Amino acid sequence: MQTSTLREKFNRPLVIAVTGLNAIDSPGPGVAVIRAIRECKDFDVRIIGLSYESLEPGLYMHDIVDKTYQIPYPSGGTDSLFSRLKYIHEEEQLDVIIPNFDAELYNFMKLSSKLKEMGINTFLPEIEQFNARDKMRLSEFGKKYGMFVPKDKIIHEKRELQKLEDDFDYPMVVKGKFYDAVIARSKDQAEKAYEKILAKWGLPIIVQEFIKGTEINIAALGDGTGNVISIIPMRKLYITDKGKAWAGVTLDDDNLIELARKFIEVTKWRGGCELEVMLTSDGKPYIMEVNPRFPAWIYLTAAAGQNQPASLVKMALGEKVEPFTKYEVGKIFIRYAWDLITNIREFQMISANGEL
Amino acid sequence: MRVRKNIATSDEGFLFNPTTGDSFSTNPIGTEIILLMKKDRTSKDIVDAICEKYDVDRALFERDLDDFTLQLKEFSLLE
Amino acid sequence: MEKQRYERPVILKMNTGLMNKFGTKTENEPVTHIESVPVKSLLSEYGSPLFVISEKQIRRNMQNAKRIFKTRYPKVRFAWSYKTNYMNAVCRIFHQEGSWAEVVSGFEYQKALGNGVPGEKIIFNGPDKTDEDLIAAAKNNSLIHIDHYDELYSLIRLSEELDLHPRVAIRVNMDTGIYPKWDRFGFNFENGQAWNALTRILNSKNLDLVGLHCHIGTFMLSTNAYATATRNLCELAWAAKERYNKMVEYIDLGGGFPSTNTLKGAYLPGTDTVPSIDQFADAITDVVLTYGFRQEEMPTLVLESGRALIDDAGYLLGTVLATKRLSDGRRATVLDFGLNSLFTSLWYEHKISPAKQHGSQTEEMVLFGPLCMNIDVVRESVVLPLLEKGDQLVVHKVGAYNMTQWMQFITMRPNIVLIDKDNNTHIIRKAETLEYIEQLEQIPDHLK
Ligand SMILES: Cc1ncc(COP(=O)(O)O)c(C=O)c1O
């Protein structure tokens, strides 16, 4: 019954802007988020794509995305993002924005109250929650709440790698502050990884204990007051050389659900997130990383019966959403690539005008 | 200076080089120059035409045109 | 027929990987005035390049910082960090606003005296104080912040020889969880060195321990680091009180608050990521207020903020000398100021605005200074309107460390102009002349 209220309240398609329409070997979640939202029967939508680059496939999928606007790179800061969003809002009267890209979240969180004043809703974690799960504070977080996390060390100089050899065994994981992780099996490899990541993402560099086990990802949605709306654990069945799941299956494991529930409850997480978990052979679930947004495989939650993106839209619009209680175990996703055909004019239009 | 025959230009200032697959955008004055080049106008004709229409010092435009031409050449847009 | 406005022809390759033009809108907003004075008339009157300082902005910054701390803690004192910008006019504005002086050399010390700061309101920091400096400071009742044991023993010796009673503090270094650790200044907290130095002072006949000092780094982005530093200083103060029955009068947390400039290599702009002074003030005062000192023994909080108080009051105006295309096709713009005037371009991606409205077309370019050196780069990559020779630019937030670290190299240093509260302009340091530069040179007879 809550569902019909949205339709009545708006009596028009909801205008929802979504980012992360890219689909390189490490794909953005945008298209999957849209697919899930479009499947929800409780409201109609007009989808506005927000893109950074001209070749994000989502912006050429005209039955998925109604119109796309380019937005400034996160490094442009909140001022330029805000003025661009203001323009887009004037054109489209946005109801909700769902950012899906790690590096942009900070800017959107900073702007969320200003956007709200304009009538644009978001459903994002607080900066504090966001920071608590930051890679660089993960071990602190684990200690505080008694969760398993890999030992790590933040370093600023290559020579610190040498000192680490006392505390860390090879292989170790060398990570960038936003992205990238390289498994190093020797000092030589660690130094190479350090250089490579430094060049791309700058300081600091994070060195992490290598945990061996089964890779599990959990997509979870919190309402911001400590309530869990949905938790779907997924075991990766096929993993690319970038470590991304190319196929996965929903699992039934109370331990994993409990872990995600605890995470949402202690952080009072608002919005979607993905816990990357390594389940060791003796059954300890290590939290390897927490991504503060939906994962690229988020459509699987809808397919398994808990449509997380649609629930997020409802909460963003102030609807109360009841927690889901069941999902289908054994649902599998298998990702595939598809060559979309368009013509040069569309590419030129979006490149030059920033709209398509 | 002749712009390659197969270069596609559009009113919005887009160029597409079908030999290399590259796309380009130009500002209105750039488009105008390219259209003149396509019509096989000499540099002098182009300078005359632009200086007639725009408020620009002849020497300055000649320099800018040289630079522009150099870029077209670098982008393999000239014959 | 009226001729149309000209814009240089440009052609851009549509590159999928490059920053799109929607990313940089704000840098293209022209800045035509500083306060209410037109950039154009400033440059025509005072020459190019030109440093401009807004008195109003300095006073606003100072009053704002004072309000922020005083609303949280009763006893607060700012000391203007001379090295940040020691133009006398600038220092005097800070002194008028109630700031003491913080100096790190005999030269700066003399400057502070010359600006009318009474000796007892000068904090003397730094590792480089000569015996003469120490004697003068002790006689003037200045606050001597001891940096190392050699200085401590010199001061003890001098005070005994000359029967002086200097008021001293020690500088403490510590691990506040930030990188890099500034452990080369002062006495280390963790290994007990700081406490040893304190006991040495407390046991001396002549030295009067009045404060504790630290300066944990500059352009600090972590408020937590200040909480740690404050806690450590409070711990030392507490120990001195408990064991020697000596309560220090102040704890001095140094400078280090960031301005809103964007550090090189930072992913997000400074305006979005830099914590506000309120957040630093919360971190610091929360610790002191709850540490357990009795009301009457609460130490004065001393702050030596530099860049946070002056950076955004300073501008550098300049002019395009030439535009060219580099061998790799990039556009380069050569300016009449470079690393010699804008030393901070080594650390910051300075925001740079055109001084007039241009067309909407922009291009990516590298900005070079006029020096004949490869390192003379003002911005490695910036998107600006199509610039021509003679176009004027405004560099923002250059008030800190430029007018003290600038180099007289290849060209001479330009005028510095102050815009006062009523928008009148005053030269506060004249452009250098050949005569001025050569004044100190001497030619040996055989070369005459
Ligand atoms: C002892 C001391 N105090 C204060 C400052 C001012 O620092 P900031 O400009 O970072 O506030 C400095 C700068 O190096 C310093 O060394």
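A quick note: this is a predicted structure, and the numbers were derived from the prediction, not measured. Letters A, B, ... are given to chains in the order of the sequence lines, protein chains preceding strands, and every chain is numbered from 1.
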Would you indicate whether [X], at its atom [atom1], is surrounded by more than 12 heavy atoms from other residues, nucleotides or ligands within a distance under 6.0 Å?
X: K56(C); atom1: NZ; answer: yes
X: D166(A); atom1: CG; answer: yes
X: K86(A); atom1: NZ; answer: no
X: K177(A); atom1: NZ; answer: yes

Please enumerate all residues that pass side-chain contact (heavy atoms from CB on, under 4.5 Å) together with R270(A), with sequence neighbours excluded.
F123(A), E126(A), Q129(A)
Which residues pass the side-chain contact (heavy atoms from CB on, under 4.5 Å) test with D102(A), sequence neighbours left out?
Y179(A), N291(A), P292(A), R293(A)
Kindly compute the distance separating OG (S83(A)) from CD (E29(C)), expressed to the nearest 0.5 Å.
8.5 Å
Contacting moiety of Y106(A), where chain C heavy atoms sit under 4.5 Å:
side chain
Please state whether the side chain, the backbone, both or neither of E56(A) comes within less than 4.5 Å of a heavy atom of chain C.
neither
List for me each residue that meets side chain to side chain donor-acceptor pair (under 3.5 Å) alongside T344(C), sequence neighbours excluded, and say none if there are none.
H350(C), N402(C)
Counting only non-hydrogen atoms closer than 4.5 Å, can you tell me which residues of residues 269-279 of chain C sit against chain A?
P269(C), D272(C), T273(C)
